[in-house]
2 protein chains.
Amino acid sequence: MDNKGCHIKIKAVHDAMDVLNGKWKISIISSICYYSIRRFSDILQDVGGISNKMLSKELKELEMNRLITRTVLDTQPVTVQYQLTEYGRTLQTIINNLSDWGIEHRKVIIGDR
Amino acid sequence: MDNKGCHIKIKAVHDAMDVLNGKWKISIISSICYYSIRRFSDILQDVGGISNKMLSKELKELEMNRLITRTVLDTQPVTVQYQLTEYGRTLQTIINNLSDWGIEHRKVIIGDR
DNA sequence: CGGCATCCTTCTGGATACTG
DNA sequence: CAGTATCCAGAAGGATGCCG
């Protein structure tokens, strides 16, 4: 690949990571992605270790970037559902790749010991 | 997908992100990935905004995770080259996907304005 | 050139309590 | 249930200088 092509691609990766930054964002997306529709407290469970404050903040950012939608159901008490937008679903390939890689990576780590 | 399958995949994504955490790690990998072989100061340029302290630290972590190798050439002054290991190259698919997504994402952002 | 050491500021994010 | 508010410790990370 020529020099210019490299830089364009590196920049593109950087652009992608701008949206997906943060310790938890990709895990959150994968939770919503795999369940298709997911509630706040469920995501809190799925993504082990995250605090409600952080989850709230990161969900808000994902919503602002139009990767997910937030739906409030008029129940008592309130229920809130999160789903990927059509745009958010364009991330599915990446999520699947990461998941596959994570599974292999775990084998490597265990094999190391 | 059943409940258990979801959790395994979400966990796997989390495992992958454990290695790829940090604001810069994926950009650094993509720089080395696209150039095949790359020097410290070059990566510093490729990844806009990173400080040498951070780059040094993150490279060390990537090396510890056996994703890259560090080679010191006996020149004056010293030259150091970084390359992906065979294992690191298993990330190429993900990098390419992120790059493609980043290019599309940029179009979306620009289209928004 | 490729770092490491130091200082210092900003940001991250946990714990806890509270609200509609 | 799904957050918000506050407090606060610790980590992240920039700037600068030094070194082989």
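Because the structure is a prediction, the values reported are computed rather than measured. Chain letters run A, B, ... following the sequence lines, proteins first, then strands; residues in each count from 1.
- An OP1 or OP2 oxygen of C:dG3 is reached within less than 4.0 angstrom by a side-chain nitrogen or oxygen of B:Arg70.
- Going from atom CZ of B:Arg39 over to atom OG1 of B:Thr71 covers 12.5 Å, rounded to the nearest 0.5 Å.
- Using five terminal pairs a side, the axes of the helix from C:dC1-D:dG20 to C:dG20-D:dC1 at its two ends make an angle of 50°, given in steps of 10 degrees.
- Taking CG of A:Asn52 as the reference point, atom CG of A:Leu59 lies at 11.0 Å (rounded to 0.5 Å).
- A donor-acceptor pair is defined here as one N or O able to donate and one able to accept, closer than 3.5 Å; such a pair exists between the side chain of A:Arg89 and the backbone of A:Leu84.
- Not a single donor-acceptor pair under 3.5 Å links the side chain of A:Asp100 to the backbone N or O of A:Asn97.
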Criterion side-chain contact (heavy atoms from CB on, under 4.5 Å) on B:Lys11 and A:Arg106, from CA distance to verdict: CA-CA 10 Å; B:Lys11 186 69 172 56; A:Arg106 164 161 297 221; 2.8 Å; yes
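- Put simply, NZ on A:Lys57 is 10 Å from P on C:dG14, counting in whole angstrom units.
- Looking at heavy-atom distances under 4.0 Å, B:Lys23 makes contact with sugar-phosphate atoms alone, never a base.
- Using modelled atom types and a 3.5 Å distance limit, the side chains of A:Asn3 and B:Tyr34 yield no donor-acceptor pair.
- Under the 30°/60° scheme for interplanar angles, the aromatic rings of B:Trp24 and A:His14 are found to be tilted.
- Sequence order on DNA chain C of the closest nucleotides to A:Met54 and A:Pro77 puts A:Met54 first from the 5' end.
- Taking atom CD of B:Gln81 as the reference point, atom C1' of C:dG2 lies 13 Å away to the nearest angstrom.
- Put simply, SG on A:Cys33 and CD1 on A:Ile68 are 12.5 Å apart, with the number rounded to the nearest 0.5 Å.
- B:Tyr87 and A:Trp101 have parallel rings, their planes meeting at less than 30° on a 0 to 90° scale where 60° marks the start of perpendicular.
- Protein atom CD of A:Glu61 is 13 Å distant from nucleotide atom C1' of C:dG13, rounded to whole Å.
- In this structure, the separation between CD1 on A:Ile26 and CD1 on B:Ile26 is 5.5 Å, given to the nearest 0.5 Å.
- The side chain of B:Val80 lies closest to C:dG3 when the candidates are C:dG13, C:dG3, C:dT16.
- A distance-only check finds a donor-acceptor pair linking the side chain of B:Thr85 to the backbone of B:Arg66 [under 3.5 Å].
- To the nearest angstrom, P of C:dG2 lies 15 Å from NZ of B:Lys60.
- Straight-line distance from the CG atom of A:Leu59 to the C1' atom of C:dG13: 15 Å, rounded to whole Å.
- A heavy atom closer than 4.0 Å to some atom of DNA chain D occurs in no member of residues 28-45 of chain B.
- Between B:Asp74 atom CG and C:dC1 atom P there is a gap of 17 Å when expressed in whole angstrom units.
- Comparing A:Lys53 and A:Val78 by the nucleotide of DNA chain D whose heavy atom lies nearest to each, the residue mapping closer to the 5' end is A:Val78.
- Distance A:Asn52 CG to C:dG14 C1': 10 Å, rounded to the nearest Å.
- The outermost nucleotides of DNA chain D lying under 4.0 Å from heavy atoms of chain A, listed 5' to 3', are D:dC1 to D:dC7.
- For the pair A:Glu104 and A:Lys107, the salt-bridge criterion is met [side-chain N within less than 4.0 Å of a carboxylate O].
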